[in-house]
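Below is one structure; the comments refer to it alone.
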Amino acid sequence: MAILVSGRDLAKQKKLKMKEEVSTFLSKYKRLPHLAVILVGEDPGSISYVTGKEKACLEIGILNTTIKKPDNIKEEELLDLIDILNHDDTVDGILVQLPLPKHIHSDKVIQSIKKDKDVDGFHFENVASIYLKQPGIVSCTPKGIIELLDSINYPIEGKQACVIGRSNIVGMPVSKLLLDRNATVTICHSKTKDLARITSQADILVAAIGRPKFVTADMVKDGAVVIDVGVNRDSLTKKLCGDVDFDMVKEKASYITKVPGGVGPMTICCLMENTIECFLKHVKE
Ligand code: GUN
């Protein structure tokens, strides 16, 4: 029976530490970190994510401005808004909640965010910095996954890791971060043949494919560490569920994360870390 790795608990501890650090900023730097969040439309999932970010800012003492725009906003107007925030010296971090409506080119919008304020780490230059081992902003979910593994003192070096999913936001960067910690990494995806044979050799299995209960017990090695990045709705219960069949896989794994309460809280926690990092860089410039 696996030990549950709680992102919620780790995030709570880390947020308390950040709160302590932030409480010294007003006297040291005469202002507080400030995160601007742009929310386009009224997608319930996006609203819930943005509310989570507002709550975390409030807990830590980071200033937060959420700018809400209707889903028929013109791309140009969104780009103009980002330009204003890029030039606003009181703003340290800018985040545009995804997904955006179809008539807007998401890449163009993300690229328009000043890379030093891109707290999501989605700007091409920040994504590339991971691969080139250059200074940059590491995206929140991959960073949170590594922090979770470190929190259980799991020795990543020398281990076989398997990542299911190859997105630029999670699959690819987390694979690179694991590789940099000297794991041997296999990247799989929905078209991988013989997937279970590959995943069942992994000491660390990261599921980021976006399919409910995709990872079944037969795909998991005895004693593996299983990290579930999925955020899906169970079609029957309509409840939030991950990519891993938690109830079955927990019997085989040594450590496992759960959805909700696993990677999700760590993503928000790392967003707060990135905002503080951007602030400190900004005030020391
Ligand atoms: N939509 C779902 N997750 C995220 C995230 O981490 N950042 C942004 N900007 N949009 C998201």
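Ligands are counted one by one from 1 in listed order, and the atoms in each one are counted from 1 as well. In what follows, every heavy atom counts, from backbone to side chain, and hydrogens, waters and symmetry copies are set aside. The first residue of the sequence shown is numbered 1, and numbering continues consecutively from there.
Residue Val96 places at least one N or O, backbone or side chain, under 3.5 Å from an N or O of ligand 1. Close N/O approach between Tyr49 and ligand 1 is not found [any backbone or side-chain N/O within under 3.5 Å]. For ligand 1, the polar-atom distance check finds an N/O of Leu98 within less than 3.5 Å of one of the ligand's N/O atoms. The shortest N or O to N or O distance between Asp120 and ligand 1 is below 3.5 Å.
Nearest protein heavy-atom neighbour of atom 11 (C) of ligand 1: Gln97 NE2, 3.2 Å.
No more than 12 heavy atoms of other residues, nucleotides or ligands shown are found within 6.0 angstrom of NE2 on His87. Residue His189 qualifies as enclosed at atom NE2: its count of foreign heavy atoms under 6.0 Å is above 12.
Contact atoms of ligand 1 toward Leu95: 9 (N) (distance under 4.0 Å to a heavy atom of the residue). Which parts of ligand 1 touch Phe122 is read off a 4.0 Å heavy-atom cut-off, strictly below it: atoms 7 (N), 8 (C), 9 (N). Within ligand 1, counting atoms from 1 as listed, the ones closer than 4.0 Å to a heavy atom of Lys53 are 5 (C), 7 (N).
Considering only heavy atoms from C-beta on, Val37 stays 4.5 Å or farther from Thr65 through its side chain.
For Asp92 and His34, the side-chain atoms include no donor-acceptor pair closer than 3.5 Å.
A salt bridge (charged side-chain N to carboxylate O under 4.0 Å, His left out) with Lys15 is found for one member of Glu20, Glu21, Glu59 and no other, namely Glu59. Asn126 pairs in a side chain to side chain donor-acceptor pair (under 3.5 Å) with only one of the listed residues (Asp118, Asn274, Asp120), which is Asp118.
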